[in-house]
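Presented below is the structure to which this report refers.
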Amino acid sequence: MVALTASFAAAPSTATITMAMTKKRSSGAVCYAELSFPSFLPKQVENIKDTFARKLATRIDRLPVPVSFSDNSIMSSCVRPLIQSKTNPVVLLHGFDSSCLEWRYTYPLLEEAGLETWAVDILGWGFSDLERLPPCNVASKREHFYQLWKSHIKRPMILVGPSLGAAVAIDFVANHPEAVEKLVLIDASVYAEGTGNLATLPRIAAYAGVYLLKSILLRLYVNVLAFTGISFGTSLDWANVGRLHCLYPWWEDATVDFMISGGYNVSAQIQQVKQKTLIIWGEDDQIISNKLAVRLHCELPNATIRQIPDCGHLPHVERPNSVAKLIVDFVQEDCYKEAECVSQY
């Protein structure tokens with residue numbers, strides 16, 4: 001359960017990140033313009049204090065995604081890029097039962113570096129409209145993401161998957177290799193055998209377990225496990241960011257459906273991945289051992305590995321500058337090689 005909930009913790013040290021807020025000067029005083037949130041977000045978004053979460057939340061949009069398992073297109077939540085770059089787009093997934101807000105620190109850094117960047121919510125989690133609840137098993141999540149890519153992204157992508165999002169990414173690239181140019185896996189949860197015993201629980205017990213996932217206490221506990229030296233007030237705000245999507249009325253049904261479906265079991269698919277892959281791992285990950293990073297590096301045919309010191313399970317929220325630099329360099333390395341070749345002639 002702890003491994004699955006690792007992505008709940010949401011937010012790190014931000015001292016080295018800068019983000020400009022819109023300023024208005026009135027009578028010599030500096031005032032900050034009020035952010036406008038999409039009307040479909042839970043109203044509790046107004047209570048979040050984290051500046052980066054609030055900023056990214058204003059960018060969340062819903063796009064229609066047609067799928068075979070629903071008569072209507074699913075209005076699917078994501079953050080769309082403001083720019084189109086020469087390199088293929090970077091598409092950011094999130095971890096188990098999380099949302100695109102997981103990327104609130106790293107997303108602006110990737111955008112500032114000139115990368116065309118999407119942050120996509122996986123079906124069943126995040127802020128999509130699931131009032132007409134679709135199935136939320138692995139096959140449905142895969143088809144939904146493929147149709148979103150086919151309808152809106154439309155180009156081979158650099159696909160980034162943290163924690164359970166790495167399993168989502170591996171399952172996707174094994175089934176749709178033409179959609180992915182490169183792969184980035186961050187503290188990857190790819191060796192778990194699905195949801196394990198949770199898949200055999202009676203529905204009433206599954207609902208009780210899922211209700212626990214939404215609790216403030218569990219999310220505070222995960223924050224304690226994932227981070228050190230944070231105040232209770234900060235941890236509470238991070239927990240509220242991480243559980244914001246859980247406040248939709250369909251969230252429990254969607255999560256139970258995923259749990260009893262068996263979840264992701266992708267260990268047999270790892271060696272099918274032929275794309276160039278970057279593995280990023282926090283050296284101090286207390287959720288998934290970095291020994292599994294070495295195993296993953298050995299099993300992937302075309303992979304490099306980079307470890308981040310003094311960092312736990314969520315490098316993209318704990319060390320966003322380091323993760324952003326690694327991703328930018330990985331995306332642009334072929335451009336650098338082409339430039340070197342040209343300069344030699």
Side-chain angles (χ1 to χ4, degrees), residues 56 59-67 74 76-95 98-100 102-103 106-123 125-126 128 138 141-186 188 190 264 266 269-270 272-280 300-304 316 323-336 338:
L56 194 60
R59 298 267 307 273
I60 298 174
D61 197 2
R62 281 176 172 172
L63 302 176
V65 175
V67 291
I74 296 174
S76 305
S77 51
C78 64
V79 178
R80 292 192 284 177
L82 295 176
I83 60 172
Q84 184 170 351
S85 62
K86 293 181 180 180
T87 57
N88 280 331
V90 174
V91 178
L92 309 171
L93 302 176
H94 55 74
S98 186
S99 76
C100 56
E102 191 175 301
W103 287 98
T106 304
Y107 188 99
L109 297 175
L110 296 174
E111 214 165 47
E112 288 169 12
L115 298 186
E116 180 181 341
T117 308
W118 294 72
V120 173
D121 282 337
I122 298 165
L123 181 69
W125 301 314
S128 298
V138 168
K141 291 178 189 291
R142 181 195 312 129
E143 181 187 338
H144 172 262
F145 182 39
Y146 175 75
Q147 292 298 336
L148 187 150
W149 172 79
K150 183 179 179 181
S151 299
H152 300 286
I153 301 173
K154 301 179 181 179
R155 294 152 61 203
M157 55 189 164
I158 293 85
L159 184 58
V160 184
S163 194
L164 188 71
V168 177
I170 286 177
D171 172 79
F172 183 83
V173 74
N175 286 276
H176 300 289
E178 75 284 358
V180 180
E181 179 195 3
K182 294 181 179 180
L183 202 57
V184 180
L185 306 176
I186 303 175
V190 293
Y264 284 91
V266 300
Q269 295 175 305
I270 292 172
Q272 298 176 33
V273 176
K274 306 304 180 186
Q275 283 81 353
K276 184 179 292 187
T277 303
L278 171 65
I279 302 168
I280 301 174
L300 283 168
N302 189 11
T304 57
H316 53 301
V323 171
K325 185 178 188 310
L326 288 170
I327 292 175
V328 170
D329 289 347
F330 183 60
V331 170
Q332 296 180 343
E333 64 181 358
D334 293 334
C335 297
Y336 297 150
E338 289 177 11

Assess the residue pair L159 and Q275 against the criterion (side chain to side chain contact (heavy atoms under 4.5 Å, CB included)); give the C-alpha distance rounded to whole Å, side-chain angles, the decisive distance to 0.1 Å, and a yes or no. CA-CA 10 Å; L159 184 58; Q275 283 81 353; over 6 Å; no
Stepwise side chain to side chain contact (heavy atoms under 4.5 Å, CB included) test for I280 and F330: CA-CA 11 Å; I280 301 174; F330 183 60; over 6 Å; no
Stepwise side chain to side chain contact (heavy atoms under 4.5 Å, CB included) check, Y264 with V168: CA-CA 7 Å; Y264 284 91; V168 177; 3.6 Å; yes
What do the steps show when you test W103 against H94 for ring-ring contact (aromatic ring centres under 6.0 Å, His included), and what is the final call? CA-CA 8 Å; W103 287 98; H94 55 74; 9.6 Å; no
As a quick check of understanding, evaluate side chain to side chain contact (heavy atoms under 4.5 Å, CB included) for L63 and L148, giving each step before the final call. CA-CA 8 Å; L63 302 176; L148 187 150; 5.6 Å; no
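Atom CZ of R62 has more than 12 neighbouring heavy atoms from other residues, nucleotides or ligands inside a 6.0 Å radius.
Side-chain atoms of H144 and S76, non-hydrogen and from C-beta on, do get closer than 4.5 Å to each other. A heavy-atom distance below 4.5 Å is found between the side chains of Q332 and L115. With a 4.5 Å cut-off on side-chain heavy atoms, E102 and L92 do not count as touching. Within the 4.5 Å cutoff, the side chain of R142 has heavy atoms near those of the N175 side chain. The shortest side-chain heavy-atom distance between S99 and W125 does not fall under the 4.5 Å cut-off. Contact of the K276 side chain with the E333 side chain is registered, since non-hydrogen atoms from C-beta on lie closer than 4.5 Å. Counting heavy atoms from C-beta on, the side chains of L300 and L185 come closer than 4.5 Å. By the 4.5 Å heavy-atom criterion applied to side chains, V184 and V323 are not counted as neighbours.
Of all heavy-atom pairs between P156 and P89, the closest is O-CD, 3.6 Å. Smallest separation of non-hydrogen atoms from L109 and A324: CB-CB, 3.8 Å. Nearest heavy-atom pair across V331 and K182 is O-NZ, 3.8 Å.
Residues passing the ring pair (Phe, Tyr, Trp, His ring centres under 6.0 Å) test with H176, sequence neighbours excluded: Y146, F172. With sequence neighbours left out, S128 forms a side chain to side chain donor-acceptor pair (under 3.5 Å) with S77. In this view, E181 and N88 satisfy the side chain to side chain donor-acceptor pair (under 3.5 Å) rule, not counting sequence neighbours. E111 is linked by a salt bridge (charged side-chain N to carboxylate O under 4.0 Å, His left out) to R59, counting only residues two or more places apart in sequence or in another chain. Taking the salt bridge (charged side-chain N to carboxylate O under 4.0 Å, His left out) definition, one finds that K325 meets it with D329, sequence neighbours left out.
For the side-chain contact (heavy atoms from CB on, under 4.5 Å) with F145, the qualifying choice from V91, L123, V65 is V91, the only one to do so.
The backbone N or O of Q147 lies less than 3.5 Å from no partner atom in the side chain of H152, so there is not a single donor-acceptor pair. Between the side chain of T117 and the backbone N or O of Y107 there is no donor-acceptor pair closer than 3.5 Å.
For residues 144-159, the set of pairs meeting the salt bridge (charged side-chain N to carboxylate O under 4.0 Å, His left out) definition, not counting sequence neighbours, comprises E116-R155.
The distance from the CD1 atom of I186 to the OG atom of S163 is 10.0 Å, given to the nearest 0.5 Å. Atom-to-atom distance recorded for I122:CD1 and C100:SG is 11.0 Å, nearest 0.5 angstrom. Rounding to the nearest 0.5 angstrom, the gap separating the CD1 atom in I158 from the CG atom in L110 is 11.0 Å. A distance of 9.0 Å separates NE2 in H316 from CD1 in I327, rounded to the nearest 0.5 Å. For the atom pair CG of L183 and CD1 of I170, the computed distance is 6.5 Å after rounding to the nearest 0.5 Å.
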